[in-house]
Each structure stands twice: as C-alpha cells, then as structure tokens.
There are 2 protein chains.
Amino acid sequence: MKIGELARVTGANIETIRYYERIGLLPEPHRTAANYRRYGEAHRSRLAFVRHSRDLGFTIEEIRSLLDLSDHPERDCGEADRIATSHLEQVEEKIAQLELLRDELARIIGRCRGGLAGDCRVIEALGDHKYCEGTHA
Amino acid sequence: MKIGELARVTGANIETIRYYERIGLLPEPHRTAANYRRYGEAHRSRLAFVRHSRDLGFTIEEIRSLLDLSDHPERDCGEADRIATSHLEQVEEKIAQLELLRDELARIIGRCRGGLAGDCRVIEALGDHKYCEGTHA
DNA sequence: CCTTGACCCTGTAGTTGCTACAGGGTGCAT
DNA sequence: ATGCACCCTGTAGCAACTACAGGGTCAAGG
C-alpha cells in the first residue's frame with residue numbers, strides 16, 4: 001500500500017510516517033518506479049506499535065528500546081518491564097501533580113466574586129504565592 | 001538588582017527572564033552604563049506572577065491576558081475567571097486521561113511474568129490495541 | 001598594573017514530537 | 001490535454017524554554 005493508505009489504516013498522519021522513517025523508527029520501505037513508498041503488513045504492524053506506544057505516552061527513545069526488544073525475541077524481557085514500570089511511575093507522579101494543581105486552581109477560582117480586576121482574587125492569588133496552600137510545582 | 005539576583009529571588013532561570021522580555025511578557029528594564037539590566041520591585045512581582053502562573057500550567061498567551069487585566073484594574077474580572085475556569089477544566093480532563101493511561105499501563109505490566117522478549121506480554125500488548133480494555137487516547 | 005573569576009551582553013541553535021508549507025512530479029479519468 | 005488526487009524532498013514552524021559561542025565588565029588579590 002502507499003503512504004496515504006497506511007496513514008488511513010493506522011490513523012497516523014502522512015507527515016508523521018515520513019518523520020518516523022527519517023528518525024529511524026520505521027525502516028525505509030521499498031519504492032515504486034515513480035519513487036513512491038510501498039508498504040506491507042510488517043510496516044503496518046510496526047507503525048501500529050509505535051502509535052499505540054505514543055498514545056500510552058512513551059517517548060520516542062523509550063519506543064526505540066521497546067522496538068529493539070521486539071526485534072530480538074531471544075533477549076530478556078526485563079528491560080521492557082523496566083521501561084513500562086518507570087513510565088507508569090512518571091504517569092502516577094504527573095497525576096499527583098495535576099491533582100495538587102487542580103485543587104489550587106479550584107481554590108483560587110472559588111474566591112472570585114466577580115467585579116473589577118483590581119479587586120480580583122484570582123489575579124491577586126496568581127501574583128502572590130503566599131495565598132497558596134498546597135506545595136504545587 | 002541585576003538579572004542574576006532577580007533569577008535567584010524568583011527561582012527563574014536567567015535565560016528565561018531574557019526570553020520573557022524578548023516575547024514582551026516582561027517590560028524592558030533600565031540599563032546601567034555598562035548595558036546591564038537593572039530591575040526593581042515592580043519587575044520582581046511581575047515575574048513572580050508569571051512564574052506562579054506557569055507553575056499552575058497557564059500558557060504564555062493566557063498569562064498575557066491575565067497580566068493585561070492586572071494592568072487594568074478598572075476592567076471586569078470575568079475574563080480572569082473565564083481563563084482560570086477553562087484552564088481548570090483542561091487540567092481535569094488531563095487527569096482523567098492520565099488515569100485511563102495509568103490503568104492501562106498497570107494492566108499491561110501486570111501481565112508480564114518475566115522471561116524472553118519473544119513471549120513478553122508488554123511488547124505484545126503494545127503491538128496490538130485489541131488487548132486494551134479502556135478507550136485511551 | 002595585571003590577572004582571575006564571576007558576572008553580564010547579544011544572537012543563534014537545540015530540545016520534543018510532530019505539523020505545515022513550497023515547489024515540484026505521477027497516475028488516472030474525462 | 002487537462003484536471004485532480006496523490007506522491008516526493010526539503011525546510012520552517014509550534015511551545016516554552018535551554019544552551020551555547022563569542023564577547024564585554026567589574027571587583028578583589030597578587
């Protein structure tokens with residue numbers, strides 16, 4: 001299939017596919033006489049792996065390692081587990097941070113009674129960290 | 001005070017301060033004879049406002065609007081409330097997304113029993129969306 | 001007086017993960 | 001032959017910084 005079809009079936013953007021090829025995440029496909037990229041099932045499934053991993057928030061470098069493992073089934077799977085676990089920890093940390101943020105924002109907004117910007121508690125609170133309760137970022 | 005001291009008291013990076021000036025978020029300060037930037041209390045508190053807002057996740061453009069309001073105390077404060085509320089909604093959405101992600105990651109990792117990459121459930125699950133339960137991103 | 005080191009300056013390029021052109025070629029139907 | 005959808009390369013842009021390179025300034029110590 002051509003790049004447009006691959007884009008359609010994987011949900012990836014054409015530019016993104018070419019970008020992945022450029023950075024070495026996808027192998028260079030065969031070319032037709034007219035220099036068009038021609039993809040097969042192996043490309044499709046590799047791209048699906050990449051997109052799925054990106055959707056789960058893995059970085060390109062993490063995906064590179066995961067693909068490398070996937071290409072070497074005889075290796076130990078511990079590395080994949082380590083990458084995923086460390087990623088999970090980062091996600092959990094991010095959630096905790098955002099929850100602090102959410103509470104802080106809700107508190108700041110709750111103080112606003114409308115009126116003039118000069119008396120606005122939102123603006124006041126943004127200007128002065130001392131109004132904060134939580135220890136956000 | 002000079003830029004190094006301003007950086008110290010606000011916790012901002014020197015390069016970041018110059019960057020904020022370049023994009024018009026901070027006013028151009030006076031210069032000494034040697035062309036050094038010289039800051040006063042007004043600069044310090046404006047930078048604190050910016051850093052605090054950034055820590056709370058507001059974008060530069062949102063901060064630009066908030067600063068504009070802060071500079072015009074006679075205006076209506078509804079805009080500040082609107083920006084903050086919309087931001088809070090985004091934070092809540094992001095938390096919800098990350099929670100789905102977290103559950104999905106935990107589920108994938110839980111299936112790993114160690115062993116060889118060829119049999120690894122983590123890698124298998126990344127390669128095939130059909131193993132997913134949630135409707136993550 | 002001279003040097004050392006800490007600080008400051010400008011301007012530009014790098015980061016991440018794409019996305020968006022500009023300017024051109026190909027393939028098929030009308 | 002002409003229109004249109006598709007493909008190609010190469011480069012520049014996004015957010016919000018961060019990191020130099022290559023220079024100037026200033027106070028203290030020898």
Side-chain angles (χ1 to χ4, degrees), chain A residues 1-26 28-40 43 46-67 83 87 90-91 94 97 101 137, chain B residues 1-26 28-40 43 46-67 83 87 90-91 94 97 101 137:
Chain A
M1 66 188 121
K2 286 185 279 177
I3 198 168
E5 197 188 337
L6 181 63
R8 266 189 303 277
V9 300
T10 58
N13 185 310
I14 289 179
E15 325 266 42
T16 304
I17 296 173
R18 286 198 281 247
Y19 168 70
Y20 287 161
E21 178 184 328
R22 202 159 58 243
I23 64 172
L25 220 52
L26 296 181
E28 295 187 17
H30 286 121
R31 298 285 187 136
T32 67
N35 201 31
Y36 285 12
R37 288 172 180 81
R38 186 59 47 137
Y39 297 97
H43 292 101
R46 197 176 178 91
L47 178 53
F49 185 103
V50 173
R51 286 310 313 166
H52 192 189
S53 303
R54 285 292 303 135
D55 284 346
L56 288 169
F58 289 97
T59 67
I60 298 286
E61 289 316 304
E62 285 167 338
I63 295 170
R64 229 184 262 283
S65 305
L66 291 168
L67 279 172
I83 292 171
H87 183 55
Q90 284 171 44
V91 169
K94 187 80 190 168
Q97 268 177 31
L101 228 83
Chain B
M1 66 188 119
K2 286 185 278 178
I3 198 168
E5 198 189 337
L6 180 63
R8 266 191 302 279
V9 301
T10 58
N13 185 310
I14 289 179
E15 325 266 40
T16 304
I17 296 172
R18 286 198 282 247
Y19 168 70
Y20 286 161
E21 178 184 327
R22 202 158 57 243
I23 63 171
L25 220 50
L26 295 182
E28 294 187 16
H30 285 121
R31 300 285 187 135
T32 66
N35 201 30
Y36 285 13
R37 288 171 179 82
R38 188 58 47 136
Y39 297 97
H43 292 99
R46 197 177 179 92
L47 178 54
F49 185 103
V50 172
R51 286 312 313 167
H52 192 190
S53 303
R54 284 293 301 133
D55 284 345
L56 288 170
F58 289 96
T59 66
I60 298 288
E61 290 316 303
E62 286 168 336
I63 296 170
R64 229 185 263 283
S65 304
L66 290 169
L67 278 172
I83 292 170
H87 183 53
Q90 284 172 44
V91 169
K94 186 78 190 170
Q97 268 177 31
L101 227 84

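Naming: A, B, ... by sequence-line order, numbering from 1 per chain.
Counting only heavy atoms from C-beta outward, the side chains of Arg37(A) and Lys2(A) never approach each other to under 4.5 Å. By the 4.5 Å heavy-atom criterion applied to side chains, Lys94(A) and Lys94(B) are not counted as neighbours. Contact check for Ile17(A) versus His43(A): no side-chain heavy atoms found under the 4.5 Å cut-off.
Side chain to side chain, Arg46(B) and Tyr39(B) fail the donor-acceptor criterion of an N or O pair below 3.5 Å.
Between the CG atom of Leu6(A) and the P atom of dC6(D) there is a distance of 15 Å, given to the nearest Å. For the pair Glu5(B) CD and dC26(D) P, the interatomic distance rounds to 17 Å; values are reported in whole Å. In this structure, the CD1 atom of Ile17(B) is 12 Å from the P atom of dC17(D), given to the nearest Å. Rounded to whole Å, the distance from CG on Asn13(A) to C1' on dC21(C) is 13 Å.
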Reading 5' to 3' through nucleotides 9-17 of chain C, protein heavy-atom contacts under 4.0 Å coded B for base, S for sugar-phosphate only, - for none: SB------B

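Closest heavy-atom contact between Val50(B) and Leu25(B): CG1-CD2, 3.8 Å.
Between the side chain of His87(A) and the backbone N or O of Glu62(A), no donor-acceptor pair lies under 3.5 Å.
Taking side-chain N and O atoms only, Thr16(B) has a distance below 4.0 Å to OP1 or OP2 of dT18(D).
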